[in-house]
2 protein chains.
Amino acid sequence: MGLVCQQCLARNSALCSAMIGDEIDDLFSIAHQVKVDEGGYLLHEEDPSKYVYNLSSGVCTLERLASDGSRQIMAFVYPGDFIGINPGPFYSVSAQALAPIVACRWHMKDLEGLYSAYPNLEQHVHGIASRVLAATMDQLFVLGRKNAVEKIAYFLLYIDGRQRKFDGHSDSFVLPMTRIDIADYLGVAVETVSRAFSQLRRRGLIELSQAWVVTLKDREGLREVVEHTVG
Amino acid sequence: MGLVCQQCLARNSALCSAMIGDEIDDLFSIAHQVKVDEGGYLLHEEDPSKYVYNLSSGVCTLERLASDGSRQIMAFVYPGDFIGINPGPFYSVSAQALAPIVACRWHMKDLEGLYSAYPNLEQHVHGIASRVLAATMDQLFVLGRKNAVEKIAYFLLYIDGRQRKFDGHSDSFVLPMTRIDIADYLGVAVETVSRAFSQLRRRGLIELSQAWVVTLKDREGLREVVEHTVG
DNA sequence: CGTGAGCTTGACTAGGTTCAAACGGGGTGG
DNA sequence: CCACCCCGTTTGAACCTAGTCAAGCTCACG
(Lines give C-alpha, C1' and ligand atoms only; values in the text may rest on other atoms or scores of the structure.)
Protein backbone atom coordinates (compact mmCIF):
# COMPACT_ATOMS: atom_id res chain seq x y z
CA MET A 1 0.00 0.00 0.00
CA GLY A 2 1.54 3.27 -1.16
CA LEU A 3 2.25 4.91 2.15
CA VAL A 4 4.35 7.53 0.46
CA CYS A 5 1.40 8.50 -1.70
CA GLN A 6 -1.13 8.42 1.14
CA GLN A 7 0.84 11.06 3.00
CA CYS A 8 1.64 13.15 -0.04
CA LEU A 9 0.42 16.74 -0.19
CA ALA A 10 -0.63 15.98 -3.74
CA ARG A 11 -2.66 12.88 -2.86
CA ASN A 12 -5.85 14.71 -3.76
CA SER A 13 -4.49 16.25 -6.92
CA ALA A 14 -6.53 15.81 -10.05
CA LEU A 15 -4.38 12.92 -11.21
CA CYS A 16 -3.69 10.93 -8.08
CA SER A 17 -7.26 11.33 -6.88
CA ALA A 18 -8.34 9.33 -9.93
CA MET A 19 -6.87 6.27 -8.23
CA ILE A 20 -8.69 4.97 -5.20
CA GLY A 21 -7.29 2.69 -2.53
CA ASP A 22 -4.53 0.39 -3.67
CA GLU A 23 -4.77 1.49 -7.30
CA ILE A 24 -2.46 4.29 -6.40
CA ASP A 25 0.29 1.69 -6.20
CA ASP A 26 0.13 1.27 -9.97
CA LEU A 27 0.76 4.94 -10.39
CA PHE A 28 3.45 4.98 -7.74
CA SER A 29 5.28 1.98 -9.13
CA ILE A 30 6.10 3.82 -12.33
CA ALA A 31 6.99 7.07 -10.58
CA HIS A 32 10.36 8.50 -9.65
CA GLN A 33 10.88 11.07 -6.95
CA VAL A 34 12.99 14.07 -7.86
CA LYS A 35 14.20 16.91 -5.66
CA VAL A 36 15.41 20.35 -6.65
CA ASP A 37 17.02 22.95 -4.42
CA GLU A 38 15.73 26.48 -4.08
CA GLY A 39 16.59 28.44 -7.19
CA GLY A 40 17.32 25.30 -9.21
CA TYR A 41 15.48 24.19 -12.33
CA LEU A 42 13.28 21.12 -12.54
CA LEU A 43 13.27 21.42 -16.32
CA HIS A 44 14.14 23.86 -19.08
CA GLU A 45 11.89 25.14 -21.83
CA GLU A 46 14.04 23.63 -24.56
CA ASP A 47 14.12 20.15 -23.01
CA PRO A 48 12.25 17.43 -24.90
CA SER A 49 9.09 16.73 -22.94
CA LYS A 50 9.62 13.10 -21.98
CA TYR A 51 8.43 13.42 -18.42
CA VAL A 52 5.39 14.61 -16.56
CA TYR A 53 5.76 15.92 -13.03
CA ASN A 54 3.38 16.26 -10.14
CA LEU A 55 4.61 18.61 -7.45
CA SER A 56 4.52 17.01 -3.99
CA SER A 57 5.94 19.85 -1.92
CA GLY A 58 7.45 23.28 -2.39
CA VAL A 59 6.52 25.93 -4.94
CA CYS A 60 7.92 26.68 -8.34
CA THR A 61 7.40 29.00 -11.28
CA LEU A 62 6.74 28.27 -14.92
CA GLU A 63 8.66 30.92 -16.78
CA ARG A 64 10.00 31.93 -20.14
CA LEU A 65 13.15 33.92 -20.75
CA ALA A 66 13.60 36.35 -23.64
CA SER A 67 16.86 36.91 -25.47
CA ASP A 68 17.14 40.35 -23.89
CA GLY A 69 16.97 38.86 -20.41
CA SER A 70 13.42 39.82 -19.59
CA ARG A 71 11.37 37.11 -17.95
CA GLN A 72 7.70 36.27 -17.97
CA ILE A 73 6.30 34.00 -15.30
CA MET A 74 3.39 32.02 -16.72
CA ALA A 75 2.23 30.39 -13.51
CA PHE A 76 3.04 29.59 -9.92
CA VAL A 77 2.96 25.85 -9.33
CA TYR A 78 1.76 24.47 -5.99
CA PRO A 79 1.69 20.92 -4.59
CA GLY A 80 -0.78 18.86 -6.58
CA ASP A 81 -0.18 20.84 -9.77
CA PHE A 82 1.26 19.30 -12.88
CA ILE A 83 4.16 20.28 -15.03
CA GLY A 84 4.60 19.13 -18.57
CA ILE A 85 1.20 17.57 -19.20
CA ASN A 86 0.80 19.40 -22.50
CA PRO A 87 1.89 17.35 -25.47
CA GLY A 88 4.45 18.86 -27.80
CA PRO A 89 8.10 18.14 -28.53
CA PHE A 90 9.41 20.51 -25.85
CA TYR A 91 8.23 21.97 -22.59
CA SER A 92 7.89 25.55 -23.69
CA VAL A 93 8.45 26.89 -20.21
CA SER A 94 11.12 26.35 -17.59
CA ALA A 95 10.24 25.31 -14.06
CA GLN A 96 12.26 26.99 -11.32
CA ALA A 97 12.01 26.13 -7.63
CA LEU A 98 11.11 29.01 -5.31
CA ALA A 99 11.69 26.70 -2.39
CA PRO A 100 13.17 23.20 -2.17
CA ILE A 101 10.76 20.99 -4.07
CA VAL A 102 9.91 17.33 -4.28
CA ALA A 103 8.04 16.03 -7.30
CA CYS A 104 6.82 12.75 -8.73
CA ARG A 105 8.10 12.10 -12.20
CA TRP A 106 6.57 9.78 -14.79
CA HIS A 107 7.63 8.86 -18.23
CA MET A 108 4.85 10.17 -20.41
CA LYS A 109 4.87 6.77 -22.15
CA ASP A 110 4.44 4.89 -18.87
CA LEU A 111 1.58 7.09 -17.85
CA GLU A 112 -0.13 6.59 -21.19
CA GLY A 113 0.34 2.87 -20.66
CA LEU A 114 -2.01 3.10 -17.67
CA TYR A 115 -4.75 4.70 -19.74
CA SER A 116 -6.20 1.37 -20.86
CA ALA A 117 -6.41 0.00 -17.31
CA TYR A 118 -7.78 3.25 -15.90
CA PRO A 119 -9.90 4.88 -18.59
CA ASN A 120 -10.73 7.97 -16.60
CA LEU A 121 -7.05 8.65 -16.07
CA GLU A 122 -6.76 10.07 -19.56
CA GLN A 123 -9.73 12.35 -19.05
CA HIS A 124 -8.23 13.52 -15.80
CA VAL A 125 -4.98 14.40 -17.51
CA HIS A 126 -6.80 16.49 -20.07
CA GLY A 127 -9.06 18.05 -17.53
CA ILE A 128 -5.91 19.25 -15.83
CA ALA A 129 -4.53 20.66 -19.05
CA SER A 130 -7.69 22.58 -19.66
CA ARG A 131 -7.67 24.14 -16.22
CA VAL A 132 -4.18 25.35 -16.94
CA LEU A 133 -5.51 27.05 -20.04
CA ALA A 134 -8.33 28.67 -18.09
CA ALA A 135 -5.89 30.09 -15.57
CA THR A 136 -3.62 31.34 -18.34
CA MET A 137 -6.54 33.12 -19.97
CA ASP A 138 -7.43 34.79 -16.69
CA GLN A 139 -3.88 36.02 -16.46
CA LEU A 140 -3.97 37.19 -20.06
CA PHE A 141 -7.05 39.22 -19.33
CA VAL A 142 -5.44 40.82 -16.30
CA LEU A 143 -2.20 41.64 -18.12
CA GLY A 144 -4.05 43.17 -21.03
CA ARG A 145 -6.74 45.18 -19.32
CA LYS A 146 -5.80 46.02 -15.73
CA ASN A 147 -3.61 48.70 -14.21
CA ALA A 148 -0.90 48.10 -11.64
CA VAL A 149 -3.00 48.20 -8.47
CA GLU A 150 -5.72 46.06 -10.02
CA LYS A 151 -3.09 43.53 -11.05
CA ILE A 152 -1.74 43.28 -7.50
CA ALA A 153 -5.23 42.95 -6.05
CA TYR A 154 -5.93 40.15 -8.51
CA PHE A 155 -2.65 38.51 -7.66
CA LEU A 156 -3.33 38.54 -3.93
CA LEU A 157 -6.76 37.01 -4.31
CA TYR A 158 -5.34 34.43 -6.69
CA ILE A 159 -2.55 33.44 -4.30
CA ASP A 160 -4.98 33.43 -1.41
CA GLY A 161 -7.10 30.93 -3.31
CA ARG A 162 -4.13 28.79 -4.19
CA GLN A 163 -2.58 28.71 -0.74
CA ARG A 164 -5.57 28.58 1.52
CA LYS A 165 -5.71 24.81 1.34
CA PHE A 166 -2.14 24.61 2.62
CA ASP A 167 -2.00 27.53 5.00
CA GLY A 168 -5.22 26.72 6.79
CA HIS A 169 -8.14 29.04 7.15
CA SER A 170 -6.37 32.06 8.48
CA ASP A 171 -6.54 35.34 6.60
CA SER A 172 -2.77 35.56 6.50
CA PHE A 173 -0.39 33.80 4.21
CA VAL A 174 3.31 33.80 3.51
CA LEU A 175 4.34 34.67 -0.01
CA PRO A 176 6.86 32.16 -1.33
CA MET A 177 7.92 34.50 -4.13
CA THR A 178 9.88 37.73 -4.20
CA ARG A 179 8.62 41.10 -5.47
CA ILE A 180 10.64 40.50 -8.62
CA ASP A 181 8.75 37.25 -9.23
CA ILE A 182 5.46 39.04 -8.76
CA ALA A 183 6.59 41.78 -11.14
CA ASP A 184 7.58 39.22 -13.77
CA TYR A 185 4.25 37.48 -13.34
CA LEU A 186 2.19 40.63 -13.81
CA GLY A 187 4.35 42.35 -16.41
CA VAL A 188 5.30 45.38 -14.32
CA ALA A 189 8.43 46.73 -12.61
CA VAL A 190 9.45 45.70 -9.08
CA GLU A 191 9.03 49.24 -7.82
CA THR A 192 5.50 49.27 -9.18
CA VAL A 193 4.68 46.10 -7.25
CA SER A 194 6.07 47.66 -4.11
CA ARG A 195 4.10 50.87 -4.58
CA ALA A 196 0.88 48.95 -5.26
CA PHE A 197 1.35 46.91 -2.07
CA SER A 198 1.85 50.11 -0.11
CA GLN A 199 -1.22 51.70 -1.62
CA LEU A 200 -3.41 48.72 -0.75
CA ARG A 201 -1.99 48.79 2.76
CA ARG A 202 -2.67 52.52 3.11
CA ARG A 203 -6.21 51.91 1.88
CA GLY A 204 -6.68 49.33 4.63
CA LEU A 205 -7.33 46.44 2.26
CA ILE A 206 -4.30 44.45 3.31
CA GLU A 207 -1.76 44.31 6.11
CA LEU A 208 1.93 43.51 5.81
CA SER A 209 3.44 42.39 9.09
CA GLN A 210 6.52 41.42 7.11
CA ALA A 211 7.16 42.10 3.46
CA TRP A 212 6.14 38.57 2.58
CA VAL A 213 3.44 38.03 5.19
CA VAL A 214 0.14 39.27 3.83
CA THR A 215 -3.17 39.59 5.65
CA LEU A 216 -6.25 40.24 3.57
CA LYS A 217 -8.30 42.68 5.62
CA ASP A 218 -11.03 43.21 3.06
CA ARG A 219 -11.46 40.57 0.37
CA GLU A 220 -14.59 42.22 -0.98
CA GLY A 221 -12.75 45.50 -1.32
CA LEU A 222 -9.94 43.78 -3.17
CA ARG A 223 -12.43 42.21 -5.53
CA GLU A 224 -13.88 45.63 -6.23
CA VAL A 225 -10.43 46.94 -6.99
CA VAL A 226 -9.89 44.12 -9.48
CA GLU A 227 -13.26 44.82 -11.06
CA HIS A 228 -12.12 48.30 -11.88
CA THR A 229 -14.93 49.72 -9.77
CA VAL A 230 -12.92 52.80 -9.05
CA GLY A 231 -15.16 53.61 -6.06
CA MET B 1 -18.38 9.97 -49.55
CA GLY B 2 -18.38 13.26 -47.67
CA LEU B 3 -18.11 15.69 -50.54
CA VAL B 4 -18.88 18.58 -48.27
CA CYS B 5 -15.93 17.63 -46.12
CA GLN B 6 -13.57 17.00 -49.02
CA GLN B 7 -14.01 20.56 -50.19
CA CYS B 8 -13.95 22.13 -46.74
CA LEU B 9 -11.25 24.65 -45.90
CA ALA B 10 -10.85 22.78 -42.66
CA ARG B 11 -10.41 19.36 -44.26
CA ASN B 12 -6.79 19.31 -43.18
CA SER B 13 -7.44 20.61 -39.71
CA ALA B 14 -5.99 18.64 -36.86
CA LEU B 15 -9.25 16.87 -36.19
CA CYS B 16 -10.62 16.08 -39.64
CA SER B 17 -7.21 15.06 -40.90
CA ALA B 18 -7.28 12.24 -38.37
CA MET B 19 -9.88 10.59 -40.58
CA ILE B 20 -8.71 9.25 -43.90
CA GLY B 21 -10.86 8.44 -46.90
CA ASP B 22 -14.42 7.50 -46.10
CA GLU B 23 -13.88 7.57 -42.36
CA ILE B 24 -14.62 11.24 -42.55
CA ASP B 25 -18.24 10.28 -43.14
CA ASP B 26 -18.47 9.07 -39.57
CA LEU B 27 -17.39 12.46 -38.37
CA PHE B 28 -19.64 14.25 -40.81
CA SER B 29 -22.70 12.20 -39.98
CA ILE B 30 -22.76 13.50 -36.43
CA ALA B 31 -21.99 17.08 -37.42
CA HIS B 32 -24.29 20.06 -37.87
CA GLN B 33 -23.44 23.06 -39.97
CA VAL B 34 -23.99 26.44 -38.35
CA LYS B 35 -23.66 29.90 -39.85
CA VAL B 36 -23.25 33.22 -38.12
CA ASP B 37 -23.41 36.69 -39.68
CA GLU B 38 -20.65 39.21 -39.34
CA GLY B 39 -20.68 40.68 -35.85
CA GLY B 40 -22.83 37.86 -34.49
CA TYR B 41 -21.86 35.43 -31.77
CA LEU B 42 -21.30 31.73 -32.29
CA LEU B 43 -21.35 31.19 -28.55
CA HIS B 44 -21.15 33.15 -25.30
CA GLU B 45 -18.70 32.67 -22.49
CA GLU B 46 -21.43 31.77 -20.00
CA ASP B 47 -23.01 29.09 -22.24
CA PRO B 48 -22.66 25.49 -21.03
CA SER B 49 -20.08 23.87 -23.26
CA LYS B 50 -22.16 21.15 -24.91
CA TYR B 51 -20.77 21.61 -28.40
CA VAL B 52 -17.44 21.66 -30.13
CA TYR B 53 -16.99 23.71 -33.29
CA ASN B 54 -14.58 23.53 -36.16
CA LEU B 55 -14.47 26.67 -38.23
CA SER B 56 -14.96 25.97 -41.95
CA SER B 57 -14.82 29.50 -43.31
CA GLY B 58 -14.63 33.06 -42.06
CA VAL B 59 -12.74 34.41 -39.09
CA CYS B 60 -13.81 34.99 -35.53
CA THR B 61 -12.45 36.16 -32.21
CA LEU B 62 -12.36 34.48 -28.83
CA GLU B 63 -12.96 37.26 -26.38
CA ARG B 64 -13.84 38.05 -22.82
CA LEU B 65 -15.79 41.06 -21.67
CA ALA B 66 -15.26 42.79 -18.32
CA SER B 67 -17.99 44.37 -16.26
CA ASP B 68 -16.61 47.80 -17.07
CA GLY B 69 -16.96 47.16 -20.78
CA SER B 70 -13.31 46.55 -21.56
CA ARG B 71 -12.63 43.62 -23.83
CA GLN B 72 -9.74 41.21 -24.15
CA ILE B 73 -9.41 39.17 -27.32
CA MET B 74 -7.78 35.83 -26.49
CA ALA B 75 -7.32 34.56 -30.02
CA PHE B 76 -8.24 34.98 -33.64
CA VAL B 77 -9.82 31.83 -34.99
CA TYR B 78 -9.22 30.77 -38.61
CA PRO B 79 -10.68 27.94 -40.70
CA GLY B 80 -9.52 24.62 -39.31
CA ASP B 81 -9.31 25.97 -35.77
CA PHE B 82 -11.45 24.63 -32.97
CA ILE B 83 -13.69 26.34 -30.52
CA GLY B 84 -14.77 24.82 -27.26
CA ILE B 85 -12.48 21.79 -27.14
CA ASN B 86 -11.47 22.53 -23.58
CA PRO B 87 -13.50 20.61 -21.05
CA GLY B 88 -15.21 22.59 -18.33
CA PRO B 89 -18.83 23.46 -17.56
CA PHE B 90 -18.78 26.68 -19.62
CA TYR B 91 -16.92 28.09 -22.58
CA SER B 92 -15.05 30.81 -20.77
CA VAL B 93 -14.77 32.96 -23.84
CA SER B 94 -17.27 34.25 -26.39
CA ALA B 95 -16.78 33.67 -30.10
CA GLN B 96 -17.69 36.60 -32.33
CA ALA B 97 -17.67 36.51 -36.13
CA LEU B 98 -15.45 39.10 -37.84
CA ALA B 99 -16.87 37.95 -41.17
CA PRO B 100 -19.77 35.63 -42.00
CA ILE B 101 -18.72 32.22 -40.73
CA VAL B 102 -19.62 28.61 -41.32
CA ALA B 103 -18.68 26.03 -38.74
CA CYS B 104 -19.18 22.33 -38.07
CA ARG B 105 -20.76 21.63 -34.75
CA TRP B 106 -20.58 18.39 -32.80
CA HIS B 107 -22.11 17.35 -29.55
CA MET B 108 -19.16 16.78 -27.28
CA LYS B 109 -20.81 13.48 -26.29
CA ASP B 110 -21.13 12.32 -29.90
CA LEU B 111 -17.52 13.14 -30.59
CA GLU B 112 -16.40 11.27 -27.51
CA GLY B 113 -18.48 8.36 -28.78
CA LEU B 114 -16.14 8.07 -31.76
CA TYR B 115 -13.07 7.81 -29.55
CA SER B 116 -13.35 4.03 -29.20
CA ALA B 117 -13.60 3.48 -32.95
CA TYR B 118 -10.83 5.95 -33.75
CA PRO B 119 -8.34 5.87 -30.89
CA ASN B 120 -6.09 8.57 -32.27
CA LEU B 121 -9.03 10.96 -32.47
CA GLU B 122 -8.83 11.60 -28.75
CA GLN B 123 -5.12 12.33 -28.93
CA HIS B 124 -5.76 14.72 -31.77
CA VAL B 125 -8.34 16.59 -29.78
CA HIS B 126 -5.89 17.05 -26.94
CA GLY B 127 -3.05 17.92 -29.24
CA ILE B 128 -5.23 20.74 -30.47
CA ALA B 129 -5.99 21.90 -26.96
CA SER B 130 -2.33 21.99 -26.13
CA ARG B 131 -1.45 24.08 -29.17
CA VAL B 132 -4.07 26.56 -28.03
CA LEU B 133 -2.27 26.78 -24.71
CA ALA B 134 1.07 27.32 -26.42
CA ALA B 135 -0.34 30.18 -28.48
CA THR B 136 -1.93 31.71 -25.39
CA MET B 137 1.39 31.59 -23.57
CA ASP B 138 3.10 33.32 -26.48
CA GLN B 139 0.52 36.05 -26.27
CA LEU B 140 0.94 36.26 -22.51
CA PHE B 141 4.64 36.79 -22.97
CA VAL B 142 4.08 39.53 -25.51
CA LEU B 143 1.49 41.34 -23.39
CA GLY B 144 3.68 41.22 -20.34
CA ARG B 145 7.07 42.09 -21.73
CA LYS B 146 6.82 44.01 -25.02
CA ASN B 147 6.17 47.65 -25.86
CA ALA B 148 3.60 48.88 -28.35
CA VAL B 149 5.68 48.67 -31.54
CA GLU B 150 7.03 45.26 -30.60
CA LYS B 151 3.51 44.05 -29.99
CA ILE B 152 2.36 45.17 -33.42
CA ALA B 153 5.38 43.60 -35.11
CA TYR B 154 4.62 40.35 -33.31
CA PHE B 155 1.00 40.60 -34.31
CA LEU B 156 1.80 41.10 -37.99
CA LEU B 157 4.13 38.12 -38.11
CA TYR B 158 1.58 36.05 -36.24
CA ILE B 159 -1.23 36.94 -38.64
CA ASP B 160 1.06 36.42 -41.60
CA GLY B 161 1.74 32.90 -40.36
CA ARG B 162 -1.94 32.22 -39.77
CA GLN B 163 -3.19 33.57 -43.09
CA ARG B 164 -0.47 32.55 -45.50
CA LYS B 165 -2.07 29.18 -46.10
CA PHE B 166 -5.27 30.90 -47.20
CA ASP B 167 -3.98 34.00 -48.91
CA GLY B 168 -1.39 32.20 -51.03
CA HIS B 169 2.28 32.97 -51.04
CA SER B 170 2.15 36.69 -51.63
CA ASP B 171 3.70 39.03 -49.11
CA SER B 172 0.44 40.92 -48.77
CA PHE B 173 -2.59 40.00 -46.78
CA VAL B 174 -5.91 41.53 -45.90
CA LEU B 175 -6.60 42.03 -42.23
CA PRO B 176 -10.05 40.72 -41.32
CA MET B 177 -10.06 42.64 -38.04
CA THR B 178 -10.33 46.32 -37.20
CA ARG B 179 -7.74 48.39 -35.34
CA ILE B 180 -9.97 48.15 -32.28
CA ASP B 181 -9.80 44.35 -32.44
CA ILE B 182 -6.03 44.51 -32.69
CA ALA B 183 -5.93 46.91 -29.75
CA ASP B 184 -8.10 44.60 -27.66
CA TYR B 185 -5.90 41.67 -28.60
CA LEU B 186 -2.66 43.36 -27.59
CA GLY B 187 -3.93 45.29 -24.61
CA VAL B 188 -3.29 48.80 -25.93
CA ALA B 189 -5.41 51.73 -27.18
CA VAL B 190 -6.58 52.01 -30.80
CA GLU B 191 -4.54 55.14 -31.31
CA THR B 192 -1.47 53.31 -30.15
CA VAL B 193 -2.06 50.59 -32.73
CA SER B 194 -2.43 53.20 -35.43
CA ARG B 195 0.75 55.00 -34.42
CA ALA B 196 2.71 51.76 -34.32
CA PHE B 197 1.52 50.86 -37.83
CA SER B 198 2.63 54.27 -39.05
CA GLN B 199 6.02 53.94 -37.41
CA LEU B 200 6.65 50.53 -38.99
CA ARG B 201 5.58 51.99 -42.35
CA ARG B 202 7.91 54.96 -41.94
CA ARG B 203 10.73 52.58 -41.04
CA GLY B 204 10.09 50.70 -44.30
CA LEU B 205 9.24 47.41 -42.61
CA ILE B 206 5.68 47.28 -43.90
CA GLU B 207 3.50 48.90 -46.53
CA LEU B 208 -0.17 49.81 -46.20
CA SER B 209 -1.88 50.22 -49.57
CA GLN B 210 -5.13 50.38 -47.66
CA ALA B 211 -5.55 50.51 -43.91
CA TRP B 212 -6.30 46.79 -43.85
CA VAL B 213 -4.01 45.62 -46.65
CA VAL B 214 -0.58 44.92 -45.23
CA THR B 215 2.59 44.06 -47.13
CA LEU B 216 5.52 42.78 -45.12
CA LYS B 217 8.56 44.40 -46.73
CA ASP B 218 11.10 43.07 -44.26
CA ARG B 219 10.15 40.05 -42.20
CA GLU B 220 13.62 39.76 -40.70
CA GLY B 221 13.47 43.38 -39.62
CA LEU B 222 10.10 42.77 -37.99
CA ARG B 223 11.48 39.78 -36.13
CA GLU B 224 14.30 41.96 -34.82
CA VAL B 225 11.77 44.50 -33.63
CA VAL B 226 9.89 41.78 -31.74
CA GLU B 227 13.13 40.54 -30.22
CA HIS B 228 13.62 43.92 -28.64
CA THR B 229 16.89 44.36 -30.53
CA VAL B 230 16.51 48.08 -30.49
CA GLY B 231 19.02 48.50 -33.31
C1' DC C 1 27.01 43.62 15.39
C1' DG C 2 28.05 44.28 10.59
C1' DT C 3 26.74 43.02 5.96
C1' DG C 4 24.00 42.38 2.00
C1' DA C 5 19.93 41.07 -0.49
C1' DG C 6 15.48 42.40 -1.01
C1' DC C 7 12.09 45.96 -0.27
C1' DT C 8 10.45 50.72 -0.11
C1' DT C 9 10.32 55.48 -1.29
C1' DG C 10 11.43 59.69 -3.96
C1' DA C 11 12.35 62.40 -8.18
C1' DC C 12 12.42 62.41 -12.85
C1' DT C 13 11.35 60.58 -17.47
C1' DA C 14 9.22 58.18 -21.16
C1' DG C 15 5.75 55.76 -23.32
C1' DG C 16 0.95 55.17 -23.78
C1' DT C 17 -3.73 56.90 -22.90
C1' DT C 18 -7.08 60.30 -23.53
C1' DC C 19 -9.44 63.85 -25.77
C1' DA C 20 -10.09 66.22 -29.94
C1' DA C 21 -9.91 67.09 -34.67
C1' DA C 22 -9.06 65.95 -39.47
C1' DC C 23 -8.83 62.54 -43.02
C1' DG C 24 -10.32 58.88 -46.33
C1' DG C 25 -12.94 55.55 -48.60
C1' DG C 26 -17.15 53.01 -49.32
C1' DG C 27 -21.93 53.02 -49.47
C1' DT C 28 -26.38 55.43 -49.81
C1' DG C 29 -29.70 58.42 -51.47
C1' DG C 30 -30.87 62.20 -54.37
C1' DC D 1 -23.59 59.66 -61.61
C1' DC D 2 -22.31 62.56 -58.15
C1' DA D 3 -22.60 64.49 -53.51
C1' DC D 4 -22.90 63.55 -49.05
C1' DC D 5 -22.42 61.05 -44.92
C1' DC D 6 -20.55 57.85 -41.76
C1' DC D 7 -17.35 54.76 -39.78
C1' DG D 8 -12.83 53.55 -39.16
C1' DT D 9 -8.37 55.38 -39.19
C1' DT D 10 -4.79 58.71 -38.59
C1' DT D 11 -2.59 62.52 -36.39
C1' DG D 12 -1.85 66.09 -32.85
C1' DA D 13 -1.47 67.83 -28.07
C1' DA D 14 -2.00 67.45 -23.12
C1' DC D 15 -1.96 64.46 -19.48
C1' DC D 16 -0.84 60.66 -16.54
C1' DT D 17 0.56 56.11 -15.28
C1' DA D 18 4.27 53.21 -14.86
C1' DG D 19 9.33 52.77 -15.78
C1' DT D 20 13.93 54.21 -14.56
C1' DC D 21 17.50 55.71 -11.69
C1' DA D 22 19.07 56.50 -7.22
C1' DA D 23 19.05 56.56 -2.32
C1' DG D 24 17.63 54.80 2.12
C1' DC D 25 15.56 51.18 4.77
C1' DT D 26 14.63 46.42 6.92
C1' DC D 27 15.61 42.22 8.29
C1' DA D 28 17.78 37.72 8.13
C1' DC D 29 22.19 35.81 8.40
C1' DG D 30 26.92 35.35 9.18
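These numbers come from a predicted model, not from an experiment. Order of the sequence lines fixes the chain letters, A, B, ..., with proteins taken first and strands second; residue numbering starts at 1 for each chain.
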Q: So, OP1 or OP2 of D:dT17: does either fall under 4.0 Å of a side-chain N or O from A:Thr192?
A: no
Q: What is the distance from CG of A:Asp184 to C1' of C:dC7, rounded to the nearest Å?
A: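 Interatomic distance, CG of A:Asp184 to C1' of C:dC7: 15 Å.
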Q: Please lay out, stage by stage, how A:Asn54 and A:Trp106 fare under the test side chain to side chain contact (heavy atoms under 4.5 Å, CB included).
A: CA-CA 9 Å; A:Asn54 187 10; A:Trp106 292 276; 3.6 Å; yes
Q: Select base, sugar-phosphate, or nothing to describe what B:Thr178 touches, counting heavy atoms under 4.0 Å on all strands.
A: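 If one applies the 4.0 Å heavy-atom cut-off, B:Thr178 turns out to touch the sugar-phosphate alone, with no base involved.
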Q: To the nearest 10°, give me the bend of the helix from C:dC1-D:dG30 to C:dG30-D:dC1, comparing the axes of its five terminal pairs at either end.
A: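 It works out to 30° between the end axes.
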Q: Tell me which of A:Arg195 and A:Gln210 sits closer to the 5' end of DNA chain D, going by the nucleotide each one is nearest to.
A: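 Mapping each residue to its closest nucleotide by heavy atoms, the 5'-most match is A:Arg195.
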Q: So, is B:Arg202 near the phosphate of D:dT11, with a side-chain N or O under 4.0 Å from OP1 or OP2?
A: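 For D:dT11, neither OP1 nor OP2 has a side-chain N or O of B:Arg202 closer than 4.0 Å.
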Q: By the 4.0 Å heavy-atom rule, please label A:Val190 as base, sugar-phosphate, or nothing.
A: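 It contacts nothing in the nucleic acid.
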Q: Rounded to the nearest 0.5 Å, how far apart are CD1 of B:Ile85 and NE2 of A:His126?
A: 11.5 Å
Q: Using whole Å, what does the distance between atom C1' of nucleotide C:dG16 and atom CG of B:Asn147 come to?
A: 10 Å
Q: More than 12 non-hydrogen atoms from neighbouring residues, nucleotides or ligands closer than 6.0 Å to NZ on A:Lys165, yes or no?
A: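 Yes, enclosed.
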Q: With a sphere of 6.0 Å drawn around NE2 of B:His44, does it hold more than 12 non-hydrogen atoms of other residues, nucleotides or ligands?
A: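 More than 12 within 6.0 Å, yes.
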Q: When you measure from the side-chain N and O atoms of A:Ser194 to the phosphate of C:dT8, is any distance below 4.0 Å, counting only OP1 and OP2?
A: yes
Q: Please report the C-alpha distance between A:Lys217 and A:Asp171 in whole Å, then the side-chain angles of each, then the deciding distance to 0.1 Å, and finally whether the salt bridge (charged side-chain N to carboxylate O under 4.0 Å, His left out) criterion is met.
A: CA-CA 8 Å; A:Lys217 305 290 285 184; A:Asp171 279 338; over 6 Å; no
Q: Taking any heavy-atom pair under 4.0 Å as a contact, classify B:Val193: base, sugar-phosphate, or nothing.
A: nothing
Q: Distance check needed: C:dT17 C1' versus B:Ile180 CD1, whole Å only.
A: 15 Å
Q: Check the distance between C:dC7's C1' and A:Leu175's CG and give it to me in whole angstrom.
A: 13 Å
Q: Quick one: A:Arg179 CZ to D:dG19 P, roughly how many Å, whole number?
A: 16 Å
Q: Over 60° means perpendicular and under 30° means parallel, so classify the ring planes of B:Phe76 and B:Tyr185, tilted if in between.
A: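 B:Tyr185 and B:Phe76: tilted rings.
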Q: Taking A:Arg71 first and then A:Asp181, would you say they form a salt bridge - that is, a charged N and a carboxylate O separated by under 4.0 Å?
A: yes
Q: What's the CD1-C1' distance between A:Ile206 and C:dC7, to the nearest Å?
A: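 Rounding to the nearest Å, CD1 of A:Ile206 and C1' of C:dC7 are 14 Å apart.
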Q: Round to the nearest Å and state the distance from A:Leu98 atom CG to C:dG6 atom C1'.
A: 15 Å
Q: So which nucleotide from C:dT18, D:dT9, D:dG19 ends up closest to the side chain of A:Val188?
A: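 In terms of side-chain proximity for A:Val188, the closest of C:dT18, D:dT9, D:dG19 is D:dG19.
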Q: Is there a donor N/O on one and an acceptor N/O on the other, under 3.5 Å, for the side chain of A:Glu191 and the base of C:dC7?
A: no
Q: Distance check needed: C:dT8 P versus A:Gln199 CD, whole Å only.
A: 14 Å
